[in-house]
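Take a look at the structure below.
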Amino acid sequence: MDAALADMKAASKAADVIEIRFDYVDAPEPKAFLDAATKPLIGTHRPVREGGRYEGDEEQRIDLLRRAAALGFDYIDTELDSAERIGEHGEAKLIVSYHNFERMPDDLEAVHARIVDAGADVAKLAVMATDICDNLRMFDLLRAAEIPTIGLCMGEEGVISRILGPGMGSLLSFGTLDTGKESAPGQVPIGDMRELYRVNEIDGETRLYGVIANPVAHSMSPAIHNAAFRAKGINAVYLPLKVADVRRFVQEFKRLDMQGYSVTIPHKVDVMDVMDEVDQFVRDIGAMNTVVNRDGRLCGYNTDCTGALRAIESVMGGDAPLQDKHVVMLGAGGTSRAIGYGVKARGGRLTILNRTVAKAERLAGEIGCEWGPLDRLPKLQMDVLLNTTSVGMHPKMEDTPAPAELLREGMVVFDAVYNPMETRLLREAAERGCVTVSGVDMFVNQAVAQFELWTGGDAPEGLMREVVIKRLSGR
Ligand code: ATR
């Protein structure tokens, strides 16, 4: 009881309504909660069969809820299979709830109708999303509901229902007090609900953006873009979208009129097929990371390319800083393609060196530049060195793709690796008087370029950089 009361006090600072999960408390005492409450209370005593922790006698479970209602709880929550047993519940509103921890049932709408028939004041449906498109069905149900309804999808694919639900008509959304205190999978900490996603400010005018990824949990993009929208006073929210089937997702989510997406691993190539417009330069690169909705037409861009170039050119100065410069790029993978095409387009004299020489040859053939094995590096003249391999990345941070003695004062040295923020390559380059550009600079610039494509305005670059650095340094 002491711990539960302390949690209730902490939650009262952020939440509008507090759910007391009696099934998580030893010997729960409803009156003690009411005496200490400063916010409306929901009393819930969830049995194991519905995903809760209560394993005792059913009559005692129901009795505790009746007592909570009689004492003055604002809401009591009981499951559809036991709604009829509650009987008289005084002033308290009766939430009748349904849970499915496996999947979204085919008869979701019929379940809702049964809840209404059971005499609910509020219907609650919480079902496991197994696909991000399950959320759309829940949103349809919320919009059509004739009694107050709480509808949410659980799990990582369902996170967006917790963020957008209230804006779609859900009476409320559940957040957790803190990471690690979730009472259902996919719950978002209350601080993020309020400050990051601004759930209470989402309305019919809110523009929707998000990152299409799989996995998505560790993406920094929601933190960056939500902070940027907020700082600029733009009514928009940016969502983490865990997407398995990108074609289906893009088609189905047209119904929400999403205004833009970031696209990342593993969808950067496949997503191109479902765009209405992709310009030739992006087709040449063969991958995209940004979608802009222009009056219903989805247009694909690659800001990995523009972001990296912007970061590199910003330290060089002049109108065409890369023109005729000797640029050596280590690596011939996906990142290399995007950056290589950009360097070539800016007039750089590019040489691609790669461990697997055949890949360097193939990419160089497409771009139209020189190529060779990694050991050619000491023989090349270079103004700019670009590392687009993963050499030096955590945890092998003592590795470096280029020996320090090749790094000369005044050279520009770029590393696409951003974990660690300063790689051994960049540290040695700085020690030898090179101008360095980090993967953090590229990452921030690709996000800045996305923000500008979406809003047509300037991005708060300093703030976006702060968010990235804070995340990468684990603060
Ligand atoms: P990304 O999409 O991030 O560019 P990628 O397509 O897997 O990732 O490309 C990884 C690049 O890092 C490749 O150029 C790879 O060289 P190979 O083509 O020979 O695989 C390079 N790379 C990875 N580990 C390396 C290592 N230990 N030494 C040298 N190059 C390495």
Side-chain angles (χ1 to χ4, degrees), residues 211-216 218-221 246 262-272 282-290 300-309 311-312 327-344 350-367 369-378 380 384-404 406-407 413-421 423-426 428 437-447 468 472:
V211 54
I212 300 175
N214 192 7
V216 72
H218 297 293
S219 171
M220 290 190 281
S221 296
V246 73
S262 309
V263 186
T264 187
I265 296 166
H267 298 306
K268 286 184 181 189
V269 176
D270 288 352
V271 72
M272 294 177 69
V282 176
R283 285 201 187 284
D284 287 344
I285 294 173
M288 50 171 275
N289 75 326
T290 308
Y301 295 85
N302 191 316
T303 71
D304 288 330
C305 175
T306 45
L309 284 181
I312 294 161
V327 181
V328 175
M329 181 167 74
L330 308 176
T335 309
S336 328
R337 289 189 75 84
I339 298 176
Y341 270 99
V343 169
K344 176 77 181 179
L350 181 63
T351 304
I352 299 174
L353 306 182
N354 196 44
R355 179 178 62 180
T356 309
V357 184
K359 277 172 70 184
E361 180 178 9
R362 199 177 324 135
L363 182 58
E366 289 178 42
I367 294 177
C369 66
E370 302 292 316
W371 54 273
L374 289 176
D375 62 13
R376 167 100 31 102
L377 187 61
L380 294 175
V384 181
L385 176 66
L386 311 174
N387 175 44
T388 60
T389 75
S390 47
V391 178
M393 190 187 287
H394 179 87
K396 297 174 120 187
M397 298 185 305
E398 273 314 302
D399 289 353
T400 182
L406 299 181
L407 309 171
V413 178
F414 163 82
D415 200 337
V417 173
Y418 60 72
N419 178 18
M421 287 188 270
T423 56
R424 177 172 164 196
L425 173 67
L426 291 187
E428 291 177 344
V437 183
S438 71
V440 176
D441 299 319
M442 171 177 167
F443 190 81
V444 170
N445 274 286
Q446 64 79 28
V468 173
L472 287 175

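One-based numbering, in listed order, for ligands and for the atoms of each.
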Considering both backbone and side-chain atoms of K359, is one of its nitrogen or oxygen atoms within less than 3.5 Å of a nitrogen or oxygen in ligand 1? yes
For G334, counting its heavy atoms only, list the atoms of ligand 1 lying under 4.0 Å from any of them. 1 (P), 2 (O), 4 (O), 6 (O)
Would you say atom 10 (C) of ligand 1 touches the protein, meaning some protein heavy atom is under 4.0 Å from it? no
So I352 and S336, do their side chains get closer than 4.5 Å, heavy atoms only? no
Under 4.0 Å between heavy atoms, the region of T389 that gets near ligand 1 turns out to be both
Tell me which part of R355 gets within contact of ligand 1: side chain, backbone, both or neither, using heavy atoms under 4.0 Å. both
Could you check whether any side-chain heavy atom of V384 comes within less than 4.5 Å of a side-chain heavy atom of V328, counting everything from C-beta outward? no
Is the closest side-chain heavy-atom distance between T389 and T335 below 4.5 Å? no
On a heavy-atom basis, I'd like to know which of N354, D399, T356 is closest to atom 13 (C) of ligand 1. N354
Indicate yes or no: at least one non-hydrogen side-chain atom of T423 is less than 4.5 angstrom from one of M397. no
Do M220 and Y418 come within less than 4.5 Å of each other through their side chains, counting heavy atoms only? yes
Hey, are R362 and E366 close enough for a salt bridge, meaning a charged N less than 4.0 Å from a carboxylate O? no
Which bit of S390 gets closer than 4.0 Å to ligand 1, counting heavy atoms only: side chain, backbone, both or neither? both
Any N or O on V391 sitting closer than 3.5 Å to an N or O of ligand 1? no
Below 4.0 angstrom from a heavy atom of G331, which ligand 1 atoms are there? Numbered from 1 as shown, please. 14 (O)
Salt-bridged, D284 to R337, with N to O below 4.0 Å? no
Quiz question for you: does at least one protein heavy atom lie closer than 4.0 Å to atom 7 (O) of ligand 1? no
Please list, in number order, the atoms of ligand 1 under 4.0 Å from a heavy atom of T335. 1 (P), 2 (O), 3 (O), 4 (O)
For atom CD1 of I265, is the number of surrounding heavy atoms from other residues, nucleotides or ligands below 6.0 Å larger than 12? no
